[in-house]
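Below: one structure, written as structure tokens.
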Amino acid sequence: MGIDIPLVIGSFFVAIVVGLTGMGGGALMTPMMMLFFNVPPLAAVSSDLVASAVMKPVGGVVHMRRGTVNLRLVGWLCAGSVPAAFSGVLIARAFGDGEQVQQTVKYALGVALLLAVAGLVAKAWLARHEGPASADLGEISVRPIPTLLVGMVGGVVVGISSVGSGSLIIVALLALYPALRANQLVGTDLVQAVPLVASAALGHLFFGDFQLDLTTSLLIGSIPGVYLGARISSRAPGGVIRALLAVVLLASALKLLGVGNAATLWILGGATAAGAAGWSLLRHRGGAQVGVAGELPEGAAAGGSGVEPGVPSRGAR
């Protein structure tokens with residue numbers, strides 16, 4: 001079994017972003033393997049999911065200890081996502097064999113990344129219109145059927161592409177439960193992602209294209225990267241990181257969908273200009289930073305930075 005040193009380094013830097021934002025693991029790791037290391041799509045998805053199944057419980061335990069997990073929400077999400085994730089693997093295999101299935105998974109991943117970008121934009125917009133956040137998880141009224149459906153859709157997407165557990169589902173939770181604080185949102189999403197990713201990983205071990213050397217390289221780089229990102233998350237400008245993450249995801253999606261280099265640059269330029277104009281407009285209207293207003297950066301809770309929720313910002317003191 002050989003260790004791929006460049007892949008270790010790449011996964012280290014991707015994991016830092018995951019630790020900082022609580023988002024982007026599968027959405028960045030899988031495209032990185034495909035675009036920069038020429039890993040076949042199904043092997044990239046399979047290996048990333050198995051590596052995530054090892055890493056996810058670390059963040060989940062941190063949030064359980066901090067009391068930022070709504071276990072009723074976790075239960076309803078898992079009821080839909082766990083069987084759906086396993087089914088997603090079977091759906092991916094049903095697309096065909098050989099080059100056909102590889103190409104289909106590649107396109108499915110590109111579409112999933114576009115959805116993740118839309119989710120990031122929607123999250124920023126929803127954060128500007130959400131009500132006051134609740135400090136008590138017991139005050140959150142769980143909506144079983146919508147939550148179950150979110151889990152089912154997210155599970156299928158994760159099973160096929162490895163994308164969704166930290167980007168699509170977290171945005172859906174924000175839309176359904178705007179009273180959740182950022183640390184509660186990330187904590188609940190991380191804990192529900194543990195059985196979700198484990199189910200998808202199990203399916204890929206049986207029916208996918210799991211490669212032990214790839215997964216080992218990912219873990220060697222990712223574990224210290226996630227830890228470092230979580231440690232520095234309290235000082236990270238969350239809004240800027242999410243904006244950069246959206247640009248990277250959009251570029252990856254366009255390349256996976258076969259868009260040419262010139263067209264990709266034009267689309268990225270237009271999206272960046274539109275995003276800058278929208279951010280300037282929101283800032284002019286509300287005088288607030290784009291992001292989850294008045295809340296901690298997502299990665300801060302994941303790292304256990306010690307910043308207490310509810311402490312007023314320097315400008316509010």
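Scope of the values below: all heavy atoms of this structure, side chains included, with no hydrogens, waters or symmetry mates.
Nearest heavy atoms, Ser199 versus Ala85: OG-CB, 4.1 Å. Counting all heavy atoms, side chain and backbone alike, Ala172 lies closest to Val150 at CB-CG1, 3.7 Å. Ala200 approaches Val158 most closely through the heavy-atom pair CB-CG1, 4.2 Å. Closest of all the heavy-atom pairs between Tyr107 and Leu257 is O-CD2, 3.7 Å. Between Pro57 and Val54, the shortest heavy-atom contact is CD-O, 3.4 Å. The two residues Ala44 and Val39 make their nearest non-hydrogen contact at N-CG1, 3.7 Å.
Interatomic distance, Ile220 CD1 to Thr215 OG1, rounded to the nearest 0.5 Å: 11.0 Å. The distance from the CG atom of Leu176 to the CG atom of Leu149 is 9.5 Å, given to the nearest 0.5 Å. Once rounded to the nearest 0.5 Å, the distance linking CZ of Arg143 with CZ of Arg72 reads 13.0 Å.
Within the 4.5 Å cutoff, the side chain of Thr30 has heavy atoms near those of the Met34 side chain. For the pair Leu7 and Met32, the minimum side-chain heavy-atom distance is below 4.5 Å. Using a 4.5 Å heavy-atom cutoff, the side chains of Asp213 and Asp4 are not in contact. Residues Ser52 and Met29 form no side-chain contact, since every pair of their non-hydrogen atoms from C-beta on lies 4.5 Å or further apart. Here the side chains of Ser81 and Gln192 are in contact, with some heavy-atom distance below 4.5 Å. Side-chain contact between Ile160 and Val89: absent, with no pair of heavy atoms (C-beta onward) separated by less than 4.5 Å. Between Leu228 and Phe12, some side-chain heavy-atom pair lies under the 4.5 Å cut-off.
A continuous path of hydrophobic side-chain contacts links Val259 to Leu268 [ILVMFWY only; heavy atoms under 4.5 Å]. Linking Ile, Leu, Val, Met, Phe, Trp and Tyr whenever their side-chain heavy atoms come within less than 4.5 Å leaves Leu148 and Val82 in two separate clusters. Note on Leu254 and Leu35: same hydrophobic cluster, where clusters join Ile, Leu, Val, Met, Phe, Trp and Tyr whose side-chain heavy atoms are under 4.5 Å apart, directly or indirectly. By the criterion of side-chain heavy atoms lying less than 4.5 angstrom apart, applied directly or through intervening Ile, Leu, Val, Met, Phe, Trp or Tyr residues, Val194 is not grouped with Met152; the two fall into different hydrophobic clusters.
Using modelled atom types, one side-chain atom of Ser11 and one backbone atom of Val8 make a donor-acceptor pair closer than 3.5 Å. Tyr177 places no side-chain N or O within 3.5 Å of a backbone atom of Ser141 that could act as its donor or acceptor partner. His204 places a side-chain N or O within 3.5 Å of a backbone atom of Gly159 that can act as its donor or acceptor partner. Put simply, the side chain of Thr147 never gets that close to the backbone of Leu77: no donor and acceptor are under 3.5 Å apart.
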For a side chain to side chain donor-acceptor pair (under 3.5 Å) check, start with the C-alpha distance between Thr188 and Asn70, then their side-chain angles and the critical distance, and finish with the verdict.
CA-CA 6 Å; Thr188 299; Asn70 188 311; 6.0 Å; no

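For Ala53, the side-chain contact (heavy atoms from CB on, under 4.5 Å) criterion is met by Val197, Ala201, not counting sequence neighbours.
A 6.0 Å sphere centred on CZ of Phe37 holds more than 12 heavy atoms belonging to other residues, nucleotides or ligands.
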